[in-house]
Amino acid sequence: MGEKYFGLTDPGRQRENNEDSFIAQTVFNDNFIVACVIDGVGGYAGGEIAAQLTRDEILDHLDKMPVNIIDHMVSSLENANERIIREKEVSPQNEKMACVVTLAMVDLEKNIFYFAHVGDTRLYLFRDGSLIKVTRDHSTVGFLEESGRLTEEAAMQHPKRNEVNKALGYETQKGLTKDFIDKGESAFLPGDTILICSDGLTDMIPASKIISILNDEDDLAAKCVSLVNAANDAGGKDNVTVVLVRNDKSPILHTVTKPPLVVKKNNDNGDAAVKIAELVTGNNEPVIIEGKKRKSGINKLLLFFCVVFFLGLIWMLFQNYKTNDEAENPPPQTIVTKQRNAAELNLIDSINAASISKVVRVPAGQSILVTDSIFIKNDSLHIIGNGSAVVRDSAYSGPAFILASTCKYILLDSLTIDNFNVGILVLNKGLHLKNIRFKNCVVPLQFQQHLIQDTLVSGAQAESIFNQTDTVRRR
């Protein structure tokens, strides 16, 4: 099992103590891999204590297989939060201690991973040479970088890079909101690798360097060493911790069949030609022996050219007919749809079937993983979320909802839209919101206006932004 996961932590070049901690091991009869990186906050001793308490609490939760993996992970982090709060009450010298954490559980049999996350430790999915950031930093600088307002280089050098908005140990259980802990799941395909790391790595080296190291043919242990060394070589200003997990299953590949070897026979010694072919192919491939053409007269040559000319004429006539026919009757466009999950399909079917009732009720407390945009074209519709959430699949980057220009009155009610680049894309003014929470959405609401081409336009664009942030300094 060791080749599937590996973790490594290092104090860095400029710190004597190490406030980071990690977990990398199998659980539940080796059917799951737990991977976790914890970054302590609050000084020499406090950060280490907070990280250790969180690690112990997570491991305590792994004694038996849970019914709901994500709820179990969230519960472990909530309990860790309470343990840190209690420790602060009896240790006033550590009153500022806290930690940020990213926890992943990998289901090896089902090729899927689950995650729970607080702070600015990060979870990446490395697939086919691309590095996909799954978690979002709970920090102002992280938000500016993810929304494109800061470049990666500028974010790495920003003076407030170490300030986070969320951490375990700052709020009691009663003070925690339902969205305090980010959670989700994603496919983990054969050949995929996930990377969990502290900011001691991502503050020091860019994504391009991480990709270069992960692309190497080295084993996971060597890659972890290379990542830590790269961060230290770049300055090593902070503790650096990395955990890698790889799905080492072999992807299904189709066997490519070689064409038979053709041996031209220039004499009557066919046996000799077959022996030569056997030497070349190892007697494992079919061999075709071509005999020498003894007669090739003018008549056959003329016949060949006539056939070619005749076939060419037919082809030209067919192409001309096909072009004219396509101009009059253009073929329909082929629409390739992604495979959606059951909860997602149920929501889409309910929306499409609501032409009469005009109301869609989502089961309370449901989390619907969205793999592609949910397109709403109803004239009027009331979607009652009952506190449920639509959550972006890590492999999808589009809007959660798209409202067609035909929509006149669409009311979204009591719903959370989580982790989308664009929450809702609106093509007209028919959208109404009631108790909607946009969580970790780069652009919560985007209005797309169609203007008539080649005309004079006059007017003003207005935009209102409501943003409330509680900022906590990590160090």
Fit a plane to each ring of Y409 and H432, take the angle between them on a 0 to 90° scale, and name the class: parallel (under 30°), tilted (30 to 60°) or perpendicular (over 60°). tilted
For a quick check under 3.5 Å, do R136 and N419 share a side-chain donor-acceptor pair by atom type? yes
Which pair of non-hydrogen atoms, one from C36 and one from I58, has the smallest distance, and what is that distance? SG-CD1, 3.7 Å
Applying side chain to side chain contact (heavy atoms under 4.5 Å, CB included), name anything that partners K209, two or more places apart in sequence or on another chain. I205, P206, I213, A230
Where at least one partner belongs to residues 86-95, residue pairs that pass salt bridge (charged side-chain N to carboxylate O under 4.0 Å, His left out), sequence neighbours excluded: none
Can D233 and R13 be counted as an ion pair, charged N to O under 4.0 angstrom? yes
Going from CG on N421 to CG on N440, what distance comes out if it is rounded to the nearest 0.5 angstrom? 11.5 Å
Using every non-hydrogen atom in the two residues, find where A35 and I196 come nearest and quote the distance to one decimal. O-CD1, 3.4 Å
With rounding to the nearest 0.5 angstrom, report the CD1 to SG distance, I417 to C441. 6.5 Å
Pairs touching residues 205-226 that satisfy ring pair (Phe, Tyr, Trp, His ring centres under 6.0 Å), sequence neighbours left out: none
Below 4.5 Å, heavy atoms only, C-beta onward: do Y5 and V243 meet side chain to side chain? no
With a 3.5 Å cut-off and no angle check, do the side chains of S198 and D20 form a donor-acceptor pair? yes
Which pair of non-hydrogen atoms, one from L214 and one from K223, has the smallest distance, and what is that distance? O-NZ, 3.0 Å
Side-chain heavy atoms of V242 within contact of C197, under 4.5 Å: yes
Just grab all the salt bridge (charged side-chain N to carboxylate O under 4.0 Å, His left out) pairs involving residues 402-427, residues at least two apart or on different chains. D379-K408, D418-K439
Report yes or no: is the cationic atom of K183 (NZ for Lys, CZ for Arg) under 6.0 Å from the centre of the six-membered ring of Y114, at an angle within 45° of the ring normal? no
Heavy atoms from other residues, nucleotides or ligands near CD of Q93 exceed 12 (cutoff 6.0 Å): yes
Are N239 and D39 close enough that a side-chain donor and a side-chain acceptor fall under 3.5 Å? no
Between F113 and F115, how do the two ring planes meet: parallel, tilted or perpendicular, split at 30° and 60°? tilted
Going by the rule salt bridge (charged side-chain N to carboxylate O under 4.0 Å, His left out), which residues pair with K133 if we only count those two or more places apart in sequence or in a different chain? D137, E146
Separation of T193 OG1 from F188 CZ (nearest 0.5 Å): 6.0 Å
Looking at every non-hydrogen atom in both residues, tell me the closest pair between I436 and S414 and how far apart they are. CD1-N, 3.9 Å
Quick check: do C407 and I376 have side-chain heavy atoms less than 4.5 Å from each other? yes
Pair D192 + R127, salt bridge at N-O below 4.0 Å: yes
Under 3.5 Å side-chain donor-acceptor pair for D218 and S226: no
Please name the pair of heavy atoms, one in Y170 and one in N81, separated by the smallest distance, quoted to 0.1 Å. N-OD1, 4.1 Å
D393 CG to I368 CD1 distance, which is reported to the nearest 0.5 Å: 14.0 Å
Going from CG on D372 to CD on E344, what distance comes out if it is rounded to the nearest 0.5 angstrom? 7.5 Å
Salt bridge check: are R161 and D203 linked by an N-O gap of less than 4.0 Å? yes
Smallest separation among heavy atoms of S405 and L427, with atom names: N-CB, 3.9 Å
Validation row: R55, I23 side chains within 4.5 angstrom (heavy atoms): yes
Can you list everything that forms a salt bridge (charged side-chain N to carboxylate O under 4.0 Å, His left out) with R83? Sequence neighbours excluded, please. E57, D60
Looking at D179 and R437, is there a salt bridge between them, counting it only when a charged N and a carboxylate O are closer than 4.0 Å? yes
